[in-house]
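One-based numbering along the sequence shown. The figures here come from the full heavy-atom set of this structure, side chains too, leaving out hydrogens, waters and symmetry mates.
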Amino acid sequence: MMKASTITSALGLFGFCLATLTTSIYATEPTVPVPVMASSTKLAPKLLIISMFQPEAQPWQDHLKFTQKIKVAGLNPQYPTLNCTDAGICQVTTGMGYANVATTVTALLQNTTFDWRKSYFMVAGIAGMNPHMASTGSVAWSDYVVDFGIAQEFDAREKPKSWPTGYVGIGTFDPLKKPVLEYQNEVFKLDEKLTKRLFDLTKATALVDDETAQKYRAHYLDATAKKAPFVLTCTTLSGNTWWHGKLLGERATQWGKLLTDGKGEYCTTQQEDNATLTAISRAADAGLADISRVAVLRSASNYDRPYPKQTAEQSLKANSGGFDISRENLYRVGNAWVSELTTHWQDWE
């Protein structure tokens with residue numbers, strides 16, 4: 001069982017389209033014609049798919065046949081059930097942000113109705129993308145999860161002139177010095193063998209694209225930003241504060257390298273994964289789960305910064321065409337693993 005000092009924690013902020021996220025149609029989980037039931041037998045799921053909000057959950061609910069909806073105490077009142085198929089594939093929606101995901105995952109893993117010791121866990125969500133690393137619609141398996149929010153912040157108008165930004169590691173006075181990881185969840189290094197196995201399994205997945213996304217990508221200078229969607233492996237940053245822009249993007253790259261000792265290449269920014277990994281690692285410490293069976297999959301709904309001559313505000317408000325294709329491609333890549341676990345469980349158990 002790996003400790004938090006050897007597995008890494010996540011921090012980062014995602015630049016989703018505000019108008020899309022606040023659309024009322026996605027506020028709660030839709031009613032589905034499957035009766036809610038109380039479970040009388042101990043269930044041992046093969047896989048738990050962790051979605052953060054309804055647009056991420058919807059493709060799974062559309063394509064997988066969830067025959068059980070199990071009410072679990074402690075889940076988000078908006079999403080009060082664990083949804084499971086007869087084949088042992090389960091899905092839960094946590095709600096966005098650290099508090100929602102940590103309480104939901106803890107409630108599930110501590111509940112004696114379930115046996116999670118041989119279960120795999122797949123965080124499956126959308127994210128902002130570093131255009132130096134990949135294009136919108138691309139899907140990334142995370143190697144490191146780094147917390148972008150555990151830091152000391154100075155208003156940029158009051159920062160020392162020698163600092164590139166107003167952020168510095170807690171307990172340090174040098175932006176380039178790695179802080180002592182006192183929180184024990186600043187960085188999680190995900191299991192290398194599992195990450196490679198999943199990348200090899202899914203790298204040839206057929207992904208969808210969109211004409212709007214193609215036209216928007218053309219504004220960027222990076223060849224990776226212009227490419228059609230593809231599957232990659234890179235580092236994700238999490239944090240409750242949404243951020244956007246070139247300068248903060250550069251800091252995200254520097255921070256990711258600093259906390260991973262130069263090994264992590266920042267690509268996706270999102271809001272929850274540090275908290276998710278913390279909850280699972282605590283359960284693993286108690287012998288209730290296996291932290292080496294955790295995978296984080298994030299798809300690019302938008303870029304984390306503007307293209308040349310575009311302002312950060314314009315970039316944040318722009319329709320990059322990535323939202324819908326990111327959800328579909330997230331499902332396609334993740335479902336390749338679902339199919340593999342369902343048909344070849346003996347090779348994974």
Quick check on F230: does its CZ atom have over 12 non-hydrogen neighbours (other residues, nucleotides or ligands) under 6.0 Å away? yes

Between [X] and [Y], is there a side-chain N and carboxylate O pair less than 4.0 Å apart?
X	Y	result
D86	K65	no
K178	D261	yes
R197	E192	no
D191	K193	no

Nonpolar side-chain network containing [X], other nodes, edges under 4.5 Å:
X	value
V168	F154, W163
V208	I325
L247	none

Apply the side chain to side chain contact (heavy atoms under 4.5 Å, CB included) test between V92 and each candidate in L75, I49, V72; give the one that qualifies. L75

Option from V294, V123, L108, I280 for which side chain to side chain contact (heavy atoms under 4.5 Å, CB included) with L48 holds: L108

With sequence neighbours left out, write down each residue that passes ring-ring contact (aromatic ring centres under 6.0 Å, His included) with W141, or none if nothing qualifies. none

Contacts of Y307 meeting ring-ring contact (aromatic ring centres under 6.0 Å, His included) (sequence neighbours excluded), chain-then-number -> Y216, H219, Y220

Contacts of type salt bridge (Lys or Arg N to Asp or Glu O under 4.0 Å), residue D62, not counting sequence neighbours: none

Going by the rule salt bridge (Lys or Arg N to Asp or Glu O under 4.0 Å), which residues pair with K203 if we only count those two or more places apart in sequence or in a different chain? D200

Only pairs at least two apart or in different chains count here, so list each side-chain hydrogen bond (donor to acceptor under 3.5 Å, both in side chains) that has a residue in residues 102-111. N111-T113

Would you mind listing every salt bridge (Lys or Arg N to Asp or Glu O under 4.0 Å) that reaches into residues 217-233, with sequence neighbours excluded? D209-R217

Sequence neighbours excluded, every pair satisfying salt bridge (Lys or Arg N to Asp or Glu O under 4.0 Å) that has a member inside residues 103-130: D115-R117, K118-E349

Sequence neighbours left out, what passes side-chain hydrogen bond (donor to acceptor under 3.5 Å, both in side chains) with N329? Give chain and number order. none

Spatial distance of atom CD (E56) from atom CD (Q61) [nearest 0.5 Å]: 11.5 Å

What residues, two or more places apart in sequence or in another chain, satisfy side chain to side chain contact (heavy atoms under 4.5 Å, CB included) together with L176? D174, Q254

Walk me through whether W337 and Y120 qualify under ring-ring contact (aromatic ring centres under 6.0 Å, His included). CA-CA 10 Å; W337 190 23; Y120 288 91; 5.5 Å; yes

Close side-chain approach of T268 and N130, heavy atoms under 4.5 Å: no

